[in-house]
Amino acid sequence: MPQQDKMQQETIIAGATQHADHPSDDRYDCQRVETKWFNRWQSDPQLYAADPGSAKKKYYVLEMLPYPSGALHMGHVRNYSIGDALTRYMWMNGYNVLHPMGWDSFGLPAENAAIQNNTPPRQWTLGNIAKMKAQMNRLGFAYDWSREVTTCLPDYYRWNQWFFLKFYEKGLAYRKKSKVNWCPKCATVLANEQVVDGCCWRHEDTPVEQRELEQWFLRITNYADELLRDLDKLGGWPEKVRTMQRNWIGRSEGTLVDFKLDYSQPHSGFGPAGATISVFTTRVDTIFGATSVQLAPQHPIVADLAANKPDLRAKVDQLIAEQRKAKEVGDIGEIEKHGVPTGRYAINPFNGEKVPVWVANYILMDYGTGAIMSVPAHDERDYDFAKKYKLEIRLVILPLASDPEETIAEPPLPFIGHEGSLINSDSYSGLECADAIKKMTAEAEKRGFGKATTTYRLKDWGISRQRYWGTPIPMLYCEKDGIVPVPEKDLPVLLPENVEITLAGGSPLGKLPEFVNATCPRCGGPARRETDTMDTFVDSSWYFYRYTDARNDRAPFDSKTAQYWFPIDQYIGGVEHAILHLIYSRFWTKFMRDLGLIGNDEPVERLFTQGMVIKDGAKMSKSLGNVVSPDEMIARYGADAARLYSLFAAPPDRDLDWQDSGIEGIRKFLGRVYRFVVRNAKPDDPDWSKPVPADLPPQARAIQRKLHQTIKRVTDDFQGRWHFNTCISAIMELVNALYSAGAAFQPDAFDSAAFQTESEKSFLPAALLAEVQRSLVLLLAPFAPYLSHELWEMLGEKGNLLKAPWPKYDAVLAKEEEFEIPVQINGKLRSRIVVSADAPENVVLERALADEKVQSAIAGKQIVKKIFVTGKLVNLVVR
RNA sequence: GCCGGGAUGGCGAAAUUGGCAGACGCAGCGGACUUAAAAUCCGCAGGGGCGAAAGCUCUGUGGGGGUUCGAUUCCCCCUCCCGGCACCA
């Protein structure tokens, strides 16, 4: 670049953008540019605010809110880069976008930090939030911070309490003593959803213990059917997540059948007279093949049966121990089947037959009734068990033969299929299975020893936690009035500060007399306050509604406002929340709808689950020492590069293998874009704002075509499959094409990226050069906001890039005029010919046949078939 | 065991409807610029064989079969990796 031109250009740029510190070379100084825009953006708190009164179409983009651990990790950067790109794209397409952020800020780590560093949880948490918010801002994420939600603050958690009272009013919150999962490290109970392979979800090597505790539960099972059914409506959710939820709910239709204990034969009087064992089965049609009843070792009747039999008691205890151990290592399923006969018999109500009652370690107390009828011929587990203990195996279902002439007298056992007909089953013999299930269930109901039932794997949600840093459950215990809810007007029940936190001896709140001692609102007498706090998944079950009206102090949110924004158009987060958070959120939404607060049945229209960020083939973790710090990446390469790389390295739904050399390449690319614009932004050129001439020289036409193809590719990807990696590749190709065009004019030049001389300009008119650069910046804007804003200004644009219109492509201009298409002989590539895009078949075939290489390849052979695919290929089949 | 997802150069990946496998990027090699380096720009590049070279040729998308003029793509069988569920009666 001639020195004089360069100086002149710099003067222009300096005039437009106040670059006092513009470097003398064209190196892209990302820190300088990012600092400049960071400061500008920070000075305008309303910059990204959603417009509540907008006439535009709404779009609600949401990323899962983080736990404020103190620092963002690369998974966050990736998650939020996807959401931010979508947000910016939707703005540019004219939508009124809501894009909020908040903090899932209750939880145990704050208490651990308090113990270790002697810092109060609130102080520790708010400090972390400040740090992470600063990181997010530095990354340039466009959040409407005026709607920030911090779940550990009373203005939020008071509504958790309010909702709890509503649940209680509707009979959907109840207190019950039950066996619960206890994590000794957390020193609190866990919901079923928080137990992974028998261990705590936060402490993967800590087996949960079973404890008997009084707990508050929410009746999520009331919504089990709807939660299951509505999964079919969630077409915008990944099938994988829907399947996981389906499995989790675990709906199973079957029949309850009562087996009476036999008292006719001599027995030592164990068990209450007339006791019945209710079994659950999905295959009542096989009941004539039942040859024993099997009880879970914890089944209540077992205690009676073993009351005066120390031997039996000891064996049962052993079975319980085996089961517990298997659960702890997570291989209940592989457990070696053991059982013990109780010596007692039960009566099959269908045929009056007496079958032995056993206790077995493969029967689970927490599914169905904790008792089964064992049908060895038609159930794999029962078959294994019967073989081991030499119990009778009685065939009662014959498989339907595919050939009706053929009868299968002895099917391989166990036969567990449903396609069969009954034998050895009295009057039911000859019926097909499905029909028999219906008739036999009806008979059981009629005769009063059974009924049709649906069971679920899903259990009610236990929300009590014996911890400090959570929402106090707003309930009181009065000696006279019993359980009494805190009146709404007394909310919030504030979480006291200056609490001594320990992990031993129950809830820390219980040690504070000034918290525990209260007055009963009914009788005015003394009452004791509930000292448990709520599971933090309560906080995240409805936070996204609060965003719509975050400062409301009379209600959790205004219904009308929420209905304008809901459902969430696009929710983005990790698949690890597929069950926990996402099923609770759906439940909460349905409850709020039944309260009349909202009109939608489901909170989230489209869900996107991004892949993990891994390094060296493993999940990033401190113990592996493969953690990449966002701060370090920003310091070395800039926020744009970190964001762009996290989108470029892999499609967003797949795992991303982080490579420092890869982000280095992105930094180079951003420098290349920067240099091109620095050298070619000439907003003072008289032709700069003129329309692009219709009649362009071929080189310019090629650039124009590439531009329109690029716009199409990027736009299509935003609309469809979200493969931002290929979007970015496409933009790179465009930039490469621009450099190549420059190089073609000045093969010997030090740098090809400048169209300087008159002759170059005549080949690439200023109007086109301007259009290409403007579009390039617009295409880059969702991914690399800092650089894009800088270049937008450099191009002389006055309006805010945030809401500049997304570029449109012209399909005609994007269309290739000539193709180089392959010519195959018998499917093998033999030559290529150049044809015009609209050349008809006969012309192309003629050209292909005339080709020298084709000629020699088919010499002496006969053409059997000619295949022509427009714009794709020619294939000649010869013999 | 069941249900998903995946396997493509040295590496991350692309190929959107069955049509030129490896776009784009990293690392690599060569060249230009430079006293030199960095930075930058240009070019080469799946593997094997032949050739001084242009080029020619064979082969190649985890493995085996099939459908088709043509398969990374569709069908069947198998192996391995990742995720979820699991004596769920």
Side-chain angles (χ1 to χ4, degrees), chain A residues 25-27 238-241 243-244 246-248 250-252 254 279-283 294 323 326 330-335 337 360-364 366-375 379-382 384-385 455-457 575-576 578-579 611-612 614 617 645 648-651 653-666 668-669 671-672 675 713 716-717 720-721 723 725-733 736 739-740 742-743 746-753 820-829 832 853 864-867 869 871-878:
Chain A
D25 65 4
D26 294 329
R27 201 171 298 189
E239 191 50 49
K240 177 189 171 134
V241 174
T243 306
M244 284 166 73
R246 236 174 245 128
N247 290 341
W248 187 261
R251 185 190 145 98
S252 170
V279 307
F280 175 73
T281 177
T282 56
R283 295 297 304 273
Q294 302 286 342
Q323 231 184 37
D331 64 352
I332 191 147
E334 318 291 293
I335 194 171
K337 290 181 185 54
N361 64 354
Y362 73 98
I363 309 301
L364 305 174
D366 51 13
Y367 187 80
T369 59
I372 64 152
M373 62 178 203
S374 175
V375 185
D379 182 284
E380 220 163 320
R381 298 151 294 173
D382 295 344
D384 292 347
F385 193 83
T455 62
Y456 299 88
R457 217 184 77 101
V575 74
E576 64 272 18
I579 296 177
M612 280 192 308
I614 58 176
Y645 178 67
F648 175 70
D653 52 342
R654 284 224 243 147
D655 285 353
L656 182 160
D657 191 11
W658 189 275
Q659 296 182 349
D660 284 355
S661 58
I663 190 172
E664 177 71 38
I666 289 292
K668 275 196 222 166
F669 165 68
R672 221 163 133 82
R675 271 190 302 282
R713 281 178 66 181
D716 287 354
D717 243 328
R721 53 178 203 165
H723 280 193
N725 54 332
T726 57
C727 286
I728 295 163
S729 300
I731 298 171
M732 286 174 171
E733 281 183 46
N736 290 348
Y739 273 79
S740 297
Q746 4 177 5
D748 299 325
F750 158 70
D751 190 333
S752 61
E820 189 190 57
I821 66 167
V823 181
Q824 297 179 343
I825 311 291
N826 289 347
K828 286 196 175 176
L829 182 68
R832 295 170 215 268
K853 290 177 192 165
V864 184
K865 197 169 176 183
K866 297 172 192 167
I867 288 145
V869 184
K872 294 282 188 190
L873 62 23
V874 170
N875 187 12
L876 302 171
V877 185
V878 299

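Below, chain A is the first sequence line, B the second, and so on; all start at residue 1. In what follows, every heavy atom counts, from backbone to side chain, and hydrogens, waters and symmetry copies are set aside.
Of the candidates G84(B), U59(B), C26(B), the closest approach to any side-chain atom of Met244(A) belongs to G84(B). Between C87(B), C85(B), A89(B), one nucleotide has an atom nearer to the side chain of Ile579(A) than all others, and that is C85(B). Out of C87(B), A89(B), A23(B), the shortest distance to the side chain of Tyr362(A) is found at C87(B).
At whole-Å resolution of the value, NZ in Lys240(A) and P in C3(B) are 15 Å apart. Rounded to an integer number of Å, the gap from Met612(A) CE to G83(B) P is 7 Å. Between Asp379(A) atom CG and C87(B) atom C1' the separation is 9 Å, expressed in whole Å. Straight-line distance from the CD atom of Glu664(A) to the P atom of C26(B): 9 Å, rounded to whole Å. As rounded to whole Å, 17 Å separates atom P of C85(B) from atom CD of Glu239(A). Atom CG of Asp653(A) is separated from atom C1' of C82(B) by 14 Å (rounded to the nearest Å). Rounded to an integer number of Å, the gap from Arg675(A) CZ to C42(B) C1' is 14 Å. The CD-C1' distance, from Gln659(A) to G25(B), rounds to 10 Å in whole Å.
Asn247(A) has no side-chain polar atom (N or O) that falls below the 4.0 Å cut-off from OP1 or OP2 of C2(B). Close to G25(B), at under 4.0 Å from its OP1 or OP2, lies no side-chain N or O of Ser661(A). Listed pair Lys853(A) / C56(B) meets the phosphate criterion, a side-chain N or O lying under 4.0 Å from OP1 or OP2. When the side-chain nitrogen and oxygen atoms of Lys828(A) are compared with OP1 and OP2 of U59(B), one or more of them lie within a distance under 4.0 Å. Taking 4.0 angstrom as the limit, Arg27(A) places none of its side-chain polar atoms (N or O) nearer than this to OP1 or OP2 of A38(B). Dashed line: the shortest gap from a side-chain N or O of Arg672(A) to OP1 or OP2 of C42(B) is under 4.0 Å.
If you check every strand for non-hydrogen atoms under 4.0 Å, Leu829(A) touches nothing. Contact annotation for Glu820(A): base contact, defined as any heavy-atom pair under 4.0 Å involving a base atom. Within 4.0 Å (heavy atoms only), Lys668(A) reaches sugar-phosphate atoms of the nucleic acid but no base atom. Asp366(A) comes within 4.0 angstrom of no nucleic acid atom, judged by non-hydrogen atoms across all strands. When heavy atoms are screened at a 4.0 angstrom cut-off, Ile363(A) is found touching base atoms of the nucleic acid. Note on Gly665(A): only backbone sugar-phosphate atoms sit closer than 4.0 angstrom, heavy atoms only; bases stay farther off.
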Can you check nucleotides 65-71 of chain B for protein contacts, nitrogen or oxygen pairs under 3.5 Å, and list what you find?
unit_1 : atom_1 : unit_2    : atom_2 : d
C69(B) : O2     : Asn875(A) : ND2    : 2.4

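Contact of the Tyr362(A) side chain with the Asp382(A) side chain is registered, since non-hydrogen atoms from C-beta on lie closer than 4.5 Å. Side-chain contact between Ser252(A) and Phe280(A) is present, with heavy atoms from C-beta onward closer than 4.5 Å. Within the 4.5 Å cutoff, side-chain heavy atoms of Val874(A) are placed close to those of Ile821(A).
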Completion exercise
Encoded 5' to 3' (Watson-Crick or G-U under 3.5 Å; [ ] crossing; | other strand), RNA chain B becomes (((((((..(((......[....))).(((((.......))))).(((((....)))))..(((((..]....))))))))))))....

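For Asp379(A) (side chain) and Ser374(A) (main-chain N/O), no donor-acceptor pair under 3.5 Å exists by modelled atom type.
In this structure, Glu239(A) places its CD atom where more than 12 heavy-atom neighbours from other residues, nucleotides or ligands lie under 6.0 Å away.
Between Val869(A) and Val575(A), the residue whose closest nucleotide on RNA chain B is further toward the 5' end is Val869(A).
Atom name P, nucleotides G43(B) and A23(B): the rounded distance is 15 Å, in whole Å. With P as the reference atom, C33(B) and U59(B) are 44 Å apart, rounded to whole Å. Here, U16(B) and U34(B) have their P atoms 46 Å apart, quoted to the whole Å. Nucleotides G63(B) and G10(B) are separated by 23 Å at their C1' atoms, to the nearest Å. Remark: the separation of the C1' atoms in G31(B) and A45(B) is 15 Å, to the nearest Å. Comparing the C1' positions of G22(B) and C44(B) gives a spacing of 16 Å, expressed to the nearest Å.
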Exercise for the section: Quick one, give me the B/S/- string for nucleotides 13-18 of chain B, reading 5' to 3', where B means a protein heavy atom under 4.0 Å from the base and S means that only happens at the primed atoms, P, OP1 or OP2. Expected result: SSSB--

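In this structure, CD in Gln323(A) is found 8.5 Å from CD1 in Ile363(A), a value given to the nearest 0.5 Å.
Of the charged side-chain nitrogens involved, at least one lies within less than 4.0 Å of a carboxylate oxygen, so that Asp717(A) and Arg721(A) count as a salt-bridged pair.
Syn is the conformation of G9(B), whose glycosidic angle sits no further than 90° from 0.
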